[in-house]
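Computed over heavy atoms, backbone and side chain alike; hydrogens, waters and symmetry mates excluded. By convention in this document, chain letters (A, B, ...) are assigned in the order of the sequence lines, proteins followed by strands, and residues within each chain are numbered from 1.
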Protein chains: 2
Amino acid sequence: MSVTIKDVAREANVSVATVSRALNGHENVAEEVRKRVLGVADRLRYSPHHAARSLSSRRTQTIGVVLPDLYGEFFSELMRGIDQVARERGLHLLVSSYHGNPEEQGAALRAMRGRVDGLLVMSPFVGERGFLEQSLSAALPAVLINSGAAEGHRTLNVDSYGGALSMMQHLLQGGHRRIAFIAGPDDNHDARERLRGYRDALERALPGTAPWVLQGDFDEASGHRAGGELLRAAQRPDAVFAANDMMALGCLFAFNQAGVAVPGQIALAGFDDIPLARYVHPGLTTMRVDIADLGGRALRALLDGNGGDPAPGPRLMVRESSGASPEAAR
Amino acid sequence: MSVTIKDVAREANVSVATVSRALNGHENVAEEVRKRVLGVADRLRYSPHHAARSLSSRRTQTIGVVLPDLYGEFFSELMRGIDQVARERGLHLLVSSYHGNPEEQGAALRAMRGRVDGLLVMSPFVGERGFLEQSLSAALPAVLINSGAAEGHRTLNVDSYGGALSMMQHLLQGGHRRIAFIAGPDDNHDARERLRGYRDALERALPGTAPWVLQGDFDEASGHRAGGELLRAAQRPDAVFAANDMMALGCLFAFNQAGVAVPGQIALAGFDDIPLARYVHPGLTTMRVDIADLGGRALRALLDGNGGDPAPGPRLMVRESSGASPEAAR
DNA sequence: CTGAAAGCGCTTACAG
DNA sequence: CTGAAAGCGCTTACAG
């Protein structure tokens, strides 16, 4: 059917061993022979059969990427960073998503056996750790991304807690006191860390103040709902801190629709710094997380066998939406 | 190192052939033996070595996905649709992006040999067709997505031309006459089709009217720039039709920043119906393209060997941004 | 229903 | 520098 190493060997009048050496750039091949082999391979449009190669070489040149989902702003950016490093190193990416289902995650992880040289796994669902550890073979190097701590595995996390503290500090410095928080899914590692940052910062700055937390699930629609809810409150907040930008945008649109001025009447802040954050009106103040960089670092950590440089912390991006509150402006 | 079929065979006191049959669900295995084998495999946490399996069975259970990029709203949605069908069929996805580089595309396509059972390729760059056709082996079934026509290969395209006609009809019916168009990259298949739709509709409805086209590149920043440019025009347009939503949003933000009312002073429309389109204020009128569905259809077409149901045409989503112009309101 | 054996297309010591 | 041969871990006719 398709052309194999044997065909090349026959045409070039050498053994398959020599063809293999020539193609793989080994030193021990006469220059003239190498050229001939490469010429024939090219003419025959030969391309090595991957499964055969990886079966005998024990290497796949492929990295497995197991994520909760393959789409959405976050995963998409993560893939971009991973993809870039993979290309630099000539690696392929075998992707798999498990949609938050622990069993599927286990299956996905196990199915990677013999298909990849290493694994990049993101498992932000707090409840899934048992399955995770169990399905991660010690034989396959793995790096966990944004999945909290994990014994025996390298990890790389966004500092969501520290980021939330920074944002709260910014809002408090702006004079805001009644700060509501739109939380992410409560089984999500980052969502929890951001909520913890909000609570701790509040407790530290204004001891005794009751946290004001609305439940969201990281998408615009839930931010939109939370925004509406806040507008109906007996006493409105000075500021709203959403656990991610998508919810902040949903909230912003709810405020816009209601004719509530941001930041004039209510200040608003998000987390992530998605591209749209700077284009909405007013520009959204947020914590910049370099997600693509996180993905790239994770892959490099996997390949280079080190722990990976710790990911740099999120950076505060001050835009108009958090502008000084009326009180602070006095 | 890791456990192989031999280990299972030894433990279960059968031959590797029997283990193979039991594991693959073949009929010709005694029930009692099957159970024993499955039990042992489970206990040993055996998982078949993929490369070995696909080398001998000639099947990889993997579909190659070659896209211009792996990130961004469009690809992300496409992956979602592909991923969903892949999961239903128990298939893995080997992804590769080529960043608009024809040579890289060729390399990516060739590197898929022996790794996948079929290929899903998106190649919207008009100039790359030669490379594409050349790197597509006849041995490997392939479906081209949004890549225009291709001899000898199945294709699935969004009807961008028809969609642009529909949107223009909507704007014209709203009474708009001076309609500017923000075009996408000129080497992009969809961008060209949408531009062609704009021109044809204009010529048909208002023969002799000069098209008003601004160059964009499908991202918010270029839409933002185009919006600014339109505001500086001696005579502003009645309506702006952007070749995709991201540019329409960039344009909307430019208008918002300048205090120009949409649709009061200028109507605005986009194309794609990305999730944000309904959340911005005013809601963005656009053509809905079900991208995830497109991806799913493409994979089904590949697997089921048929041409695939033709993708349903884009649907007009009327929201506030295209509201009747002052003239039409009279 | 089961096993021995060939074979998938490569890579890699081992000799020379 | 080169080749013959073993081996990677499976699947699948072929016998029985």
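Looking at A/V65, A/L67, A/L144 one by one, the single match for side chain to side chain contact (heavy atoms under 4.5 Å, CB included) with A/V121 turns out to be A/L144.
Residues of residues 35-43 of chain A having a heavy atom closer than 4.0 Å to DNA chain D: none are found.
The backbone N or O of A/T4 sits less than 3.5 Å from a side-chain atom of A/D7, completing a donor-acceptor pair. Side-chain atoms of A/S20 do not come within 3.5 Å of backbone N or O of A/V16 as any donor-acceptor pair. Side chain of A/D117 to main chain of A/T60: a donor-acceptor pair is present (N/O by atom type, distance under 3.5 Å, no hydrogens or angles).
Between D/dC1 and D/dA5, the distance separating the two P atoms is 23 Å to the nearest Å. Nucleotides C/dA13 and C/dG9 are separated by 23 Å at their P atoms, to the nearest Å. Separating the C1' atom of C/dT12 from that of C/dG16 is a span of 16 Å, rounded to the nearest Å.
Ion pairing between A/R80 and A/E77 holds under the 4.0 Å rule for side-chain N and carboxylate O. A/R43 and A/E11 are joined by a salt bridge, as a carboxylate oxygen and a charged side-chain nitrogen come within less than 4.0 angstrom of each other.
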- Could you walk me through whether B/L38 and B/D42 pass side chain to side chain contact (heavy atoms under 4.5 Å, CB included), step by step? CA-CA 6 Å; B/L38 261 35; B/D42 209 45; over 6 Å; no
- Query: Can you list the steps and then say if A/V66 with A/M122 is a side chain to side chain contact (heavy atoms under 4.5 Å, CB included)?
  - Reply: CA-CA 6 Å; A/V66 178; A/M122 174 158 163; over 6 Å; no
- Can you give one letter per nucleotide of nucleotides 9-16 of chain C, going 5' to 3': B for a protein heavy atom under 4.0 Å from the base, S for sugar-phosphate only, - for none? BBSBB---
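Around atom CD of B/E31, more than 12 heavy atoms belonging to other residues, nucleotides or ligands sit under 6.0 Å away. Other residues, nucleotides and ligands contribute only 12 or fewer heavy atoms inside 6.0 Å of the CD atom of A/Q84.
Across the protein-nucleic acid pair, A/R10 atom CZ and D/dG3 atom P stand 15 Å apart, rounded to whole Å. A straight line from CD of A/E31 to P of D/dC1 spans 10 Å, rounded to a whole angstrom.
Pairs of Watson-Crick or G-U wobble type, with distances under 3.5 Å, assemble into runs of 3 or more in DNA chain C at these ranges: C:1-3 with D:14-16, C:5-12 with D:5-12, C:14-16 with D:1-3.
Side-chain contact between B/H92 and B/V116 is absent, with no heavy atoms from C-beta onward closer than 4.5 Å.
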